[in-house]
Amino acid sequence: MDLTTLRAVVAELGPQLVPSRFEKAQQPAGQRLQLGLRSLEGLHWLELSWLAEAPRLHGIAPPPRQGEGSTLALQLQHGLRGLALVTLSQHGWERIVELGFARRPGDPLERTLVLELMGRHSNLFLLDQDRVVVALARQVREQHSRQRPIGTGDPYQCPPALQGEPPSRAEPFARWQQRLTLQDLPLKQALLSSYQGVSPALVAQLVEPGLAAMPVAQLSAAQWQALHGRWLQWLQALDRQQFGFTATEAGGYCCWQPSAHAHAQAPAAGSLNSSLAGYYAAALDQRALVALQGQWLARLEQLQSREQAQLQQQQDLLQAGAQAEVLQAQADDLLCQAHRDPEAACQAQALYRRARRLRRSGAVIRERIALHEQRLDWFDASLTYLHQAEDLAGLESLLADLSAVLDADRGRPGRSARRAAAPQDQPQPLELPSPGGLRLQVGRNHRQNVWISLRQARRGDLWFHAQECPGSHVVLKASEGVPGDADLAAAAHLAAYFSRGRGNGRVPVVMVPTEDLQRISGAPAGTVRHSGGTVVWGIPTQAAALLAAAPSLGPEERP
């Protein structure tokens with residue numbers, strides 16, 4: 001969150017929150033704080049975060065109740081009780097916001113909440129009336145910062161002064177150009193080092209594509225004039241508070257608007273903060289999604305390698321069991337000698353015993369091999385679900401399923417998966433309408449597969465799965481109506497899309513009535529066998545189009 005965004009947030013929040021009574025503080029995550037403030041219009045919520053990758057301040061929708069017992073939340077709850085927010089300010093070109101609290105408007109400030117949004121140096125401070133630190137998000141020791149170590153009980157000190165000049169609309173064009181061309185730097189670096197309040201995101205909004213990396217000495221006169229005009233538009237937008245949220249093609253956002261578009265694109269009240277809240281929630285969820293995926297992919301691949309080694313060991317034992325006939329023949333030869341001695345008879349009996357043990361162990365080894373193969377199939381399907389997880393909620397549901405199975409059997413999911421403590425909430429598989437209006441259910445993890453294929457399936461329903469390929473179970477609720485060719489094709493396309501064969505042009509898919517499915521005793525959750533079935537072809541790209549066109553069914557639309 002750069003200076004421009006911060007000013008836009010403060011400009012929108014100020015009229016809504018000043019004055020407002022403090023009601024609640026909670027800390028749902030280690031580097032995130034939420035404040036509840038009540039004004040005449042109702043209860044408003046702020047989110048303040050000093051996370052290094054995304055320090056921010058913005059309004060949010062009413063959050064769930066969590067994190068009330070954290071130390072920082074309790075300190076704020078005690079320090080701000082009975083006080084009202086009377087000032088919300090951001091001064092100069094620093095990314096620092098101060099929230100002033102007093103008994104009532106016009107009274108001296110009793111507490112000040114200071115949020116510094118400065119990357120990895122971001123922090124949150126609660127100050128008393130003498131601006132002494134009462135509480136803070138993280139202590140800053142000398143080994144962390146030699147210039148400004150600060151902790152509880154220390155007087156608050158402002159960060160070191162910014163380098164560069166404060167931008168001004170009154171600065172002449174010639175002096176502005178001269179300042180940027182003092183050193184032969186790329187245009188982006190020149191803007192960042194010459195002026196305060198300029199961020200890489202702002203440079204991308206000011207500079208035409210392809211010019212940011214160009215040395216300033218190579219810019220033409222027309223390019224300088226165009227850049228200066230854009231520069232003045234930005235400063236004018238700050239002065240006149242012409243703000244509004246606009247998503248950019250590069251995946252970011254812009255919060256200021258040129259005066260020519262200020263009236264045509266004026267945002268609705270509260271839209272900027274809500275848009276920022278949605279942007280950061282989606283971005284941080286995606287960040288958490290990638291991190292969790294990486295951790296669990298590494299864990300499952302390690303367990304899969306261990307399972308593969310155990311399978312190979314059992315296969316080697318089975319191959320060694322083929323020597324039973326050789327040992328039998330050797331024993332027969334010893335007993336068939338013309339001149340037998342007692343030692344030869346003992347050797348023959350030992351060979352007979354070894355041959356019998358090998359024969360008896362063959363059946364047990366084959367059972368173990370089948371069990372290891374089932375576990376490897378379970379790992380293959382789990383890795384497919386992990387790779388195809390598209391949102392954090394779906395991934396967390398999958399991880400809860402995997403954790404229950406792995407923890408129940410100490411990393412051996414196939415032996416006693418049924419002993420795993422199943423989560424109490426009802427599975428929520430993906431549901432969407434088929435072209436003919438029938439329900440299509442897609443299991444995105446093992447538990448959802450069991451739910452739709454075995455527990456919720458009714459006579460007449462059809463089950464689809466990519467042939468000899470790990471992937472999701474798909475059930476077409478044909479018990480609710482007569483399916484047409486388009487319905488069957490849609491189910492096949494979905495089974496192909498939610499399988500490891502997603503990147504192929506066509507994928508063979510098995511279609512089986514659900515009453516022909518059987519659970520395999522002792523096999524991992526979601527593993528079924530079937531007899532017969534029809535092979536149809538699924539096209540993954542057709543499923544992608546179907547998912548984009550047909551929204552998933554909500555709970556009120558499900559029977």
Side-chain angles (χ1 to χ4, degrees), residues 29 285-315 364-365 367-430 441-456 465-466 468-474 498-500 502 517-529:
D285 282 354
Q286 184 64 29
R287 176 175 174 266
L289 174 70
V290 172
L292 283 174
Q293 275 181 324
Q295 295 172 9
W296 275 85
L297 285 172
R299 180 182 178 185
L300 287 185
E301 287 171 355
Q302 182 181 8
L303 293 174
Q304 187 182 40
S305 298
R306 186 185 306 170
E307 198 72 37
Q308 185 66 49
Q310 293 173 350
L311 172 63
Q312 185 61 49
Q313 182 181 10
Q314 296 299 319
Q315 289 173 340
V364 177
I365 291 174
E367 291 181 1
R368 293 177 181 174
I369 288 176
L371 186 59
H372 287 305
E373 289 175 344
Q374 290 172 0
R375 291 172 182 161
L376 287 173
D377 291 341
W378 185 90
F379 282 121
D380 280 340
S382 301
L383 289 170
T384 301
Y385 300 146
L386 273 176
H387 281 294
Q388 295 184 354
E390 298 175 350
D391 56 76
L392 189 59
L395 178 63
E396 289 175 345
S397 175
L398 170 62
L399 298 186
D401 177 32
L402 299 182
S403 298
V405 175
L406 295 177
D407 293 345
D409 203 31
R410 297 181 181 179
R412 301 174 69 84
R415 185 198 303 170
S416 58
R418 289 177 297 178
R419 297 203 308 263
Q424 297 301 315
D425 58 321
Q426 179 175 312
Q428 297 293 330
L430 173 65
Q441 296 179 321
V442 182
R444 304 306 308 276
N445 56 48
H446 302 288
R447 186 164 167 254
Q448 292 179 8
N449 286 340
V450 172
W451 179 260
I452 66 174
S453 301
L454 299 175
R455 297 185 181 178
Q456 294 296 303
H465 193 282
E468 302 296 334
C469 182
S472 296
H473 296 198
V474 177
F498 289 105
S499 74
R500 187 169 292 180
R502 176 183 290 187
L517 299 177
Q518 297 177 353
R519 186 196 301 272
I520 302 177
S521 177
T527 306
V528 297
R529 67 160 61 98

Handout entry: Heavy-atom closest contact (Arg519 atom, Arg529 atom, distance)
Key = O-NH1, 4.4 Å

Handout entry: side-chain contact (heavy atoms from CB on, under 4.5 Å) between Arg502 and Phe498, worked out
Key = CA-CA 7 Å; Arg502 176 183 290 187; Phe498 289 105; 3.9 Å; yes

Practice task
State which residues pass side-chain hydrogen bond (donor to acceptor under 3.5 Å, both in side chains) with Ser453; sequence neighbours excluded, sorted by chain then number.
Solution key: Trp463, His473

Handout entry: Point-to-point distance, once rounded to the nearest 0.5 Å, from CG of Leu430 to CD of Glu390
Key = 9.0 Å

Exercise for the section: Taking Arg500 for its side chain and Asp380 for its backbone only, find out whether a donor-acceptor pair lies under 3.5 Å. Expected result: yes

Handout entry: Ala381 versus His446, closest heavy-atom pair with distance
Key = CB-CE1, 3.8 Å

Fill in the blank from the handout: When every non-hydrogen atom of Gln293 is compared with those of Ala389, the smallest separation belongs to NE2-O, 3.5 Å

Exercise for the section: Look only at the side chain of Gln448 and the backbone of Arg444, and say whether a donor-acceptor pair between them is shorter than 3.5 Å. Expected result: yes

Handout entry: Partner set under salt bridge (charged side-chain N to carboxylate O under 4.0 Å, His left out) for Arg368, not counting sequence neighbours
Key = none

Exercise for the section: Would you name the heavy atoms of Leu289 and Asp391 that are closest together and state the gap between them? Expected result: CD1-O, 3.8 Å

Exercise for the section: For the pair Ser499 (side chain) and Ala466 (backbone), establish whether a donor and an acceptor sit closer than 3.5 Å, ignoring hydrogens and angles. Expected result: no

Practice task
State whether a side-chain donor-acceptor pair under 3.5 Å links Asn445 with Ser397.
Solution key: yes

Exercise for the section: Locate the shortest heavy-atom distance separating Gly471 from Tyr385; write the atom from each residue and the value. Expected result: O-OH, 2.8 Å

Handout entry: Side-chain (Asp401) to main-chain (Arg447) donor-acceptor, under 3.5 angstrom
Key = yes

